[in-house]
Amino acid sequence: MRERKRYCIFSAQYLPHMGGVERYTYNLAKNLVERGNDVTVVTSNISKLLNYEKADGIHIYRIPCLSLLDGRYPVLKINKKFIKIHRMLNHKQYDIVIVNTRFYLHSLYGMLFAKRRGLPCITIEHGTSHLSIHNSILDRIGAVYEHFLTKIECLLCKDFYGVSGACNEWLTHFHIKAKGVLYNSIDIEALQQVEEIPKYRKQYNISEDMIAVTFTGRLLKEKGLPQLMSVIERLHKERNDICLFIAGDGDLEKEVENYKSDYIIPLGRIPFIDIVTLLRESDIFCLPSFSEGFSTSILEAAACQCYILTTKRGGSKELIINKNYGSIIPDNKEETLYLELKSILDDIDRRKKAVELTYQRLESHFTWDKMVDKVETICDKVCG
């Protein structure tokens, strides 16, 4: 049995704010706690919650911040509350610091905290491209800023890992050679414990004969939602046995609502249990994104035995390793998406075989037990 360790995880974003980094941080922390470790998460107080609380056995400190880009880019505020939290953290004993993502000032603070305390530090990369706000001038400025920030961070932290091999490839853009992969993962047992109660097909009069395509995640332009909705409308003119469920919230909520119909069904943000229910009732999960690290939504879809159609961006191609496992398209242009989705709608045998293979690969490589084993091994090594 391993010796109990004390982990301090810096993550600029955390629950209840929803996203891949948030869920990765939570699941990592929860699984470390379940193994008897002491875990602290230091995050941004985006939602104006308590400065400190303990939830699911995890100590959570929330630093005051400015919430920019609708919470996508929190910037820490140096004020009395920050100083108070900083002093509290300084009085706690830790064995290792883990920083999630690079491009936040919050991440830089975590690295500085580790450096000043003489603690080993690892940084986990979640991105495969520069952050985009869909403004070419501001995007260029953002890229320059990210390069500058990363140069400083490389002076403070030498050990970088990615949540996928694709993230490690992205790190080479900053002349960083990653030490390994700490895959985004999933708790298959937790999904299996969710009671199977059919809900969404019945509620929206979607017969079992209809092919249900589902998107779950943040409603952002870079996720390819406009293209997906347009393709579904185009396919529905050719055949009336297809529908699209969209679960999530974000910048495109109004645009998604404008597409609402009998066969394009926005659900808004729904709880995890309902996500599982929805995916179980779905045939195809579609994420035509051009900006991903390794989508948790894809892992959930695989666990719920959906056929997966996504782009080659991020870590998806490490789960969908060839066409026998699902569909990886080279880009999210509307015509590309249309042709691939059309080709799989009636190929039931192809979809069934792909679902079985993907589920087997998920069980073998992408579970939290396996990932946390790696984290604990790293901690044992760097802590001596």
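Worth knowing before you read on, the calculation uses all heavy atoms, side chains too, and leaves out hydrogens, waters and symmetry mates.
- Placement of Leu182 and Leu171 in two distinct hydrophobic clusters is found when ILVMFWY residues are connected by side-chain heavy-atom separations under 4.5 Å, directly or transitively.
- Using a 4.0 Å cut-off between charged side-chain N and carboxylate O, Lys199 and Asp274 make a salt bridge.
- Between the side chains of Asn184 and Ser164, no donor-acceptor pair of N or O atoms lies under 3.5 Å.
- Under a cut-off of 6.0 angstrom, the local environment of CG in Leu138 is crowded, with over 12 non-hydrogen atoms contributed by other residues, nucleotides or ligands.
- In terms of the side-chain contact (heavy atoms from CB on, under 4.5 Å) criterion, residue partners of His130 (sequence neighbours excluded) are, by chain and number, Ala143, Glu146, His147, Trp170, His173, Phe174.
- Between the side chains of Thr311 and Asn332, no donor N or O sits under 3.5 Å from an acceptor N or O.
- Within a 6.0 Å sphere centred on CD of Glu53, heavy atoms belonging to other residues, nucleotides or ligands number more than 12.
- Taking 4.5 Å as the limit, some side-chain heavy atom of Ile328 sits within range of a side-chain heavy atom of Thr310.
- Connection of Ile63 to Val21 is not established within any shared hydrophobic cluster, with ILVMFWY side chains joined at heavy-atom distances below 4.5 Å, either directly or through further cluster members.
- Ion pairing between Asp159 and Lys179 holds under the 4.0 Å rule for side-chain N and carboxylate O.
- Taking the charged nitrogens against the carboxylate oxygens, Glu257 and Lys254 have no contact shorter than 4.0 Å, which rules out a salt bridge.
- Atom CD in Glu3 sits 9.0 Å away from atom SG in Cys379 (nearest 0.5 Å).
- Listed by first and then second residue, the side chain to side chain donor-acceptor pair (under 3.5 Å) pairs involving residues 277-287 are Arg201-Asp283, Thr214-Ser282 (not counting sequence neighbours).
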- Message: Pair Ile232, Leu341 - check side-chain contact (heavy atoms from CB on, under 4.5 Å), show working.
- Response: CA-CA 9 Å; Ile232 294 296; Leu341 188 52; 3.9 Å; yes
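- Annotation for Asp262: atom CG does not count as buried by contact number, only 12 or fewer foreign heavy atoms lying within 6.0 Å.
- Residue-environment remark: CZ (Arg239) exceeds the threshold of 12 foreign heavy atoms within 6.0 Å.
- For the pair Met229/Ile246, a side-chain contact is recorded, criterion being any heavy-atom separation below 4.5 Å from C-beta on.
- Counted by atom type alone, Tyr259 and Ser230 present zero donor-acceptor pairs between their side chains at under 3.5 Å.
- Asp38 has no carboxylate O lying under 4.0 Å from a charged side-chain N of Lys5, or vice versa, which leaves the two without a salt bridge.
- Ring planes of Tyr109 and His86: tilted class, angle from 30 to 60°.
- Note on ring orientation: taking the six-membered ring where Trp is involved, the planes of Tyr61 and Tyr52 are tilted (angle from 30° to 60°).
- Proximity of the aromatic rings of Tyr24 and His126 is defined here by a centroid distance below 6.0 angstrom, and this criterion is met.
- A distance of 10.0 Å separates CD1 in Ile188 from SG in Cys304, rounded to the nearest 0.5 Å.
- A donor-acceptor pair shorter than 3.5 Å cannot be found between the side chains of Arg62 and Tyr14.
- Ile98 places a side-chain heavy atom less than 4.5 Å from the side chain of Tyr7.
- Within a 6.0 Å sphere centred on CG of Asn240, heavy atoms belonging to other residues, nucleotides or ligands number 12 at most.
- Heavy atoms of other residues, nucleotides or ligands lying less than 6.0 angstrom from CG of Leu155 number more than 12.
- A salt bridge links Asp369 and Arg35; the closest N-O separation between the charged side-chain nitrogens and carboxylate oxygens is under 4.0 Å.
- Comment: Arg234 engages Glu335 in a salt bridge, judged by a side-chain N to carboxylate O separation of less than 4.0 angstrom.
- Taking 4.0 Å as the cut-off between side-chain N and carboxylate O, Lys223 and Glu255 do not count as a salt-bridged pair.
- Counting heavy atoms from C-beta on, the side chains of Asn51 and Lys81 come closer than 4.5 Å.
- Between Phe113 and Tyr94, the ring-plane angle classifies as perpendicular under the 30° and 60° cut-offs.
- Using a 4.0 Å cut-off between charged side-chain N and carboxylate O, Lys30 and Glu34 make a salt bridge.
- Counting non-hydrogen atoms of other residues, nucleotides and ligands closer than 6.0 Å to CD of Glu238 gives a total above 12.
- Taking 4.5 Å as the limit, some side-chain heavy atom of Ile186 sits within range of a side-chain heavy atom of Glu300.
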